[in-house]
Amino acid sequence: HVVHEIQGAHAAVAAITVFKNDPNVVEYTSPQNMPSMHKITLEVSDETQLRAISQKLNEAKLDHHLWIEMPENIPSCLATKPYKKEQFGKTLKGLKLFK
């Protein structure tokens, strides 16, 4: 699981960096919000499902970063910019918490 956690950290930092001027990101990364930062890690079964989730997020206009592991050039995880849970609607429905 350590490799997945590292890749997830890369994707999260990339998403925060790419969308750093977005109001959601500015609020989430503000010093007053630091004690209440919240993340959820969900599990997908394979690359096909990961790409499908990325496509669903694109269709729902939910900003995210699909992390491509190099030099293998394989998508390994994705991270969204900070959103309120209800903004995802049914986009992530059916995914389970990563254990």
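Contact of the K56 side chain with the F88 side chain is not registered, since no non-hydrogen atoms from C-beta on lie closer than 4.5 Å. Contact annotation: the side chain of T91 never approaches that of E59 to less than 4.5 Å [non-hydrogen atoms, C-beta and beyond]. Side-chain contact between V26 and K20: absent, with no pair of heavy atoms (C-beta onward) separated by less than 4.5 Å. When side chains are defined from C-beta on, L97 does not count as touching T41, because their heavy atoms never get closer than 4.5 Å. The shortest side-chain heavy-atom distance between T80 and L62 does not fall under the 4.5 Å cut-off. Between I40 and L92 the shortest side-chain heavy-atom distance does not fall below 4.5 Å. At a threshold of 4.5 Å between non-hydrogen side-chain atoms, the residues H64 and S54 count as touching. With contacts defined as side-chain heavy-atom distances shorter than 4.5 Å, the pair I68/N73 qualifies.
Not one N or O on the side chain of H38 forms a donor-acceptor pair closer than 3.5 Å with the backbone of S36. Judged purely by atom type and a 3.5 angstrom limit, D63 has no side-chain atom pairing as donor or acceptor with the backbone of K81. A donor-acceptor pair under 3.5 Å links the side-chain atoms of N33 to the main chain of Y28, judged by distance alone. A donor-acceptor pair under 3.5 Å is formed between the side chain of T17 and the backbone N or O of V13.
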Stepwise side chain to side chain contact (heavy atoms under 4.5 Å, CB included) check, L42 with K96: CA-CA 6 Å; L42 302 173; K96 296 180 180 173; over 6 Å; no

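Few gaps surround NZ on K39; more than 12 heavy atoms of other groups in view lie less than 6.0 Å from it. A 6.0 Å sphere centred on CD of E27 holds no more than 12 heavy atoms belonging to other residues, nucleotides or ligands.
Across all non-hydrogen atoms, the minimal contact from C77 to A11 is SG-CB, 3.7 Å. N24 and P82 get closest at one heavy-atom pair: ND2-O, 3.0 Å.
Atom-to-atom distance recorded for E72:CD and M70:CE is 9.0 Å, nearest 0.5 angstrom. Rounding to the nearest 0.5 Å gives a distance of 11.0 Å between CZ of R51 and CG of L78. Here the CD1 atom belonging to I6 is positioned 9.5 Å from the CD atom belonging to E69, to the nearest 0.5 angstrom.
Every residue two or more places apart in sequence or in another chain was checked for a salt bridge (charged side-chain N to carboxylate O under 4.0 Å, His left out) with E43, and none qualifies. Legend: residues meeting ring pair (Phe, Tyr, Trp, His ring centres under 6.0 Å) with H10, ordered by chain and number and at least two apart, are W67. A search for side chain to side chain donor-acceptor pair (under 3.5 Å) contacts involving K90 returns nothing, not counting sequence neighbours.
Put simply, V44 and L57 are part of the same group of oily side chains (I, L, V, M, F, W, Y) that touch within less than 4.5 Å, one to the next.
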